Student: 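For reference, the structure I am asking about is given below.
Below, all heavy atoms of this structure are taken into account, side chains as well, without hydrogens, waters or symmetry copies. Just so it is clear, the structure is predicted and the values come from calculations on it, not from any experiment.
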Amino acid sequence: RLLWRVWSNGRILRKGFCPSSATSSEALINQMQPCVECVGRLNYLNNLIGTNASTSSIAQCTLWMERERIACSGLRSVASMTRTWSGCYSLQSLEIEDWPVDKWAVTTFNSVWTSCISLEKLDLSNWDVSGWAITSLADVWNKCRSLKTLNISTWDTSDWAITSLYRTWVHCTSLQNLDLSNWDTENWAVTTINSCWHDCASLQSLDLSKWDTSNWAVTNMGYTWYSCYHLKTLDVSTWDTENWNVTSLISTWNACYSLEELDISSWDTSDWTVSSADYAFYGCYSLKELDISDWDLSNWTISNVTGFIGD
């Protein structure tokens, strides 16, 4: 188990193992794997500790970790968290709920926990992200296969200007609940949402009815909810799609075996230029009704569709 604590004086306490010396950078990297798995890739360590850590200054990292207390002068001005814990394959728990993120001005947040395949829970409910100005949520929790609990329902996202939701929760196969119902998306200008919840196989419900999508200009919806096997309810009925120009609906709801209701009857598709829609609703065995009779398909350029609605 890896433990982190951020003290009020701006220092990080970490319990773990790091080697005292190595004959070469390559050898040091190999010996430091527990450290690497704790903090993420070395060339992104500076995002947390406010130094110039990189693969060329690995020795510094070793010294810091040996001492267990890391001077953190830059902690109060963090701008990037991209790939911070990416590739932390053995990380099972991460106690960072008390980190002083309210003093940060984060703008980049891509791939923060990508491939944390052993991480089981992540409580970020105390994180005050209201001062952040994030523009992308791409790959943030990609391949967090063991993640069962993710608490981000309290996040204030009103100042964010998200343009990408690409693969945000893809392959979160164990995630059972995801409360995004109160997220403020009014200032978002999303252009891609493909594979956002792809393979969230254990997710049972997803309420996105309060999401304001009027400023979005989505072009790709491929695989958005693909393989959400246990998803029973998905509320996107209020989504404003007038400014969207979707070109791909490939497998958007494919393999949503348990989905019983899907109201997308009011979606405005008049500007959509869909060129691929294979398997869009394929395998939606439990769907009781699908009304897309008012969809405007006049600009679609599809000559042949395979399995649009099928077994």
Student: Tell me whether Phe109 at atom CZ has more than 12 heavy atoms from other residues, nucleotides or ligands lying less than 6.0 Å away.
Tutor: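 For Phe109, atom CZ is crowded (more than 12 foreign heavy atoms under 6.0 Å).
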
Student: Run through Leu175, Leu234, Leu208 and flag the one making a side-chain contact (heavy atoms from CB on, under 4.5 Å) with Trp197.
Tutor: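 With Trp197 as partner, side-chain contact (heavy atoms from CB on, under 4.5 Å) holds for just one option, Leu208.
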
Student: For residues Asp128 and Asp156, determine if any side-chain heavy atom of one lies less than 4.5 Å from a side-chain heavy atom of the other.
Tutor: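 No, too far: nothing below the 4.5 Å cut-off.
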
Student: Given Ile152 and Leu178, is the side chain to side chain contact (heavy atoms under 4.5 Å, CB included) satisfied, shown in steps?
Tutor: CA-CA 8 Å; Ile152 51 177; Leu178 182 62; 4.3 Å; yes

Student: Do the non-hydrogen side-chain atoms of Trp188 and Asn215 ever get within less than 4.5 Å of each other?
Tutor: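 Of all side-chain heavy-atom pairs linking Asn215 with Trp188, none is under 4.5 Å.
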
Student: Is any side-chain heavy atom of Val236 less than 4.5 Å from a side-chain heavy atom of Ile264?
Tutor: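 Val236 reaches Ile264 side chain to side chain.
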
Student: Indicate yes or no: at least one non-hydrogen side-chain atom of Trp160 is less than 4.5 angstrom from one of Leu137.
Tutor: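 When only atoms from C-beta onward are counted, Leu137 and Trp160 do touch, with a gap below 4.5 Å.
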
Student: Atom CG in Leu122, atom CD1 in Ile96: separation rounded to 0.5 Å?
Tutor: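 Rounded to the nearest 0.5 Å, the CG-CD1 separation comes to 5.5 Å.
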
Student: From Asn177 CG over to Leu206 CG, what is the distance, rounded to the nearest 0.5 angstrom?
Tutor: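 With rounding to 0.5 Å, CG (Asn177) is 10.5 Å from CG (Leu206).
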
Student: How long is the straight-line distance from CZ of Arg167 back to SG of Cys196, given to the nearest 0.5 Å?
Tutor: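 Interatomic distance, Cys196 SG to Arg167 CZ, rounded to 0.5 Å: 11.5 Å.
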
Student: Quick one, Asp139 with Asn110, criterion side chain to side chain contact (heavy atoms under 4.5 Å, CB included). Give me CA distance, side-chain angles, the key distance, then yes/no.
Tutor: CA-CA 6 Å; Asp139 292 302; Asn110 295 354; 5.8 Å; no

Student: For the residue pair Val305 and Asp278, establish whether any side-chain heavy-atom pair is separated by less than 4.5 Å.
Tutor: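 When only atoms from C-beta onward are counted, Asp278 and Val305 do touch, with a gap below 4.5 Å.
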
Student: Carefully, step by step, assess Trp216 and Asn243 under the rule side chain to side chain contact (heavy atoms under 4.5 Å, CB included).
Tutor: CA-CA 7 Å; Trp216 296 20; Asn243 297 317; over 6 Å; no

Student: Under 3.5 Å, is there a donor-acceptor pair linking the side chains of Thr114 and Ser86?
Tutor: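 Note: Thr114 and Ser86 side chains miss the donor-acceptor criterion.
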
Student: Heavy-atom distance under 4.5 Å between the side chains of Tyr282 and Thr306, does that happen here?
Tutor: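 Of all side-chain heavy-atom pairs linking Thr306 with Tyr282, none is under 4.5 Å.
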
Student: If you define the side chain from C-beta out and look only at heavy atoms, does anything of Phe281 sit under 4.5 Å from Leu262?
Tutor: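 Contact flag for Phe281/Leu262 side chains = yes.
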
Student: Contact between Val106 and Val101 at the side-chain level, heavy atoms closer than 4.5 Å - yes or no?
Tutor: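 Heavy-atom side-chain distance check fails, nothing below 4.5 Å.
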
Student: Using the rule given for side chain to side chain contact (heavy atoms under 4.5 Å, CB included), can you reason through Ser115 versus Tyr89, listing the C-alpha separation, both sets of side-chain angles and the distance that settles it, and then say yes or no?
Tutor: CA-CA 6 Å; Ser115 296; Tyr89 304 117; 3.8 Å; yes

Student: Closest heavy-atom contact between Ser265 and Asp294?
Tutor: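 That would be O-CB, 4.2 Å.
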
Student: Just by distance, with hydrogens left out, do Thr273 and Asn245 show a side-chain donor and acceptor under 3.5 Å apart?
Tutor: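 Short answer, yes.
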
Student: Verify the cluster assignment for Val170 and Val140: are they in a single hydrophobic cluster under the rule of side-chain heavy atoms below 4.5 Å apart?
Tutor: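 Per the 4.5 Å side-chain linkage, Val170 and Val140 are not co-clustered.
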
Student: To the nearest 0.5 Å, what is the distance between CH2 (Trp239) and OG (Ser209)?
Tutor: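 Between Trp239 CH2 and Ser209 OG, I get 10.5 Å after rounding to 0.5 Å.
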
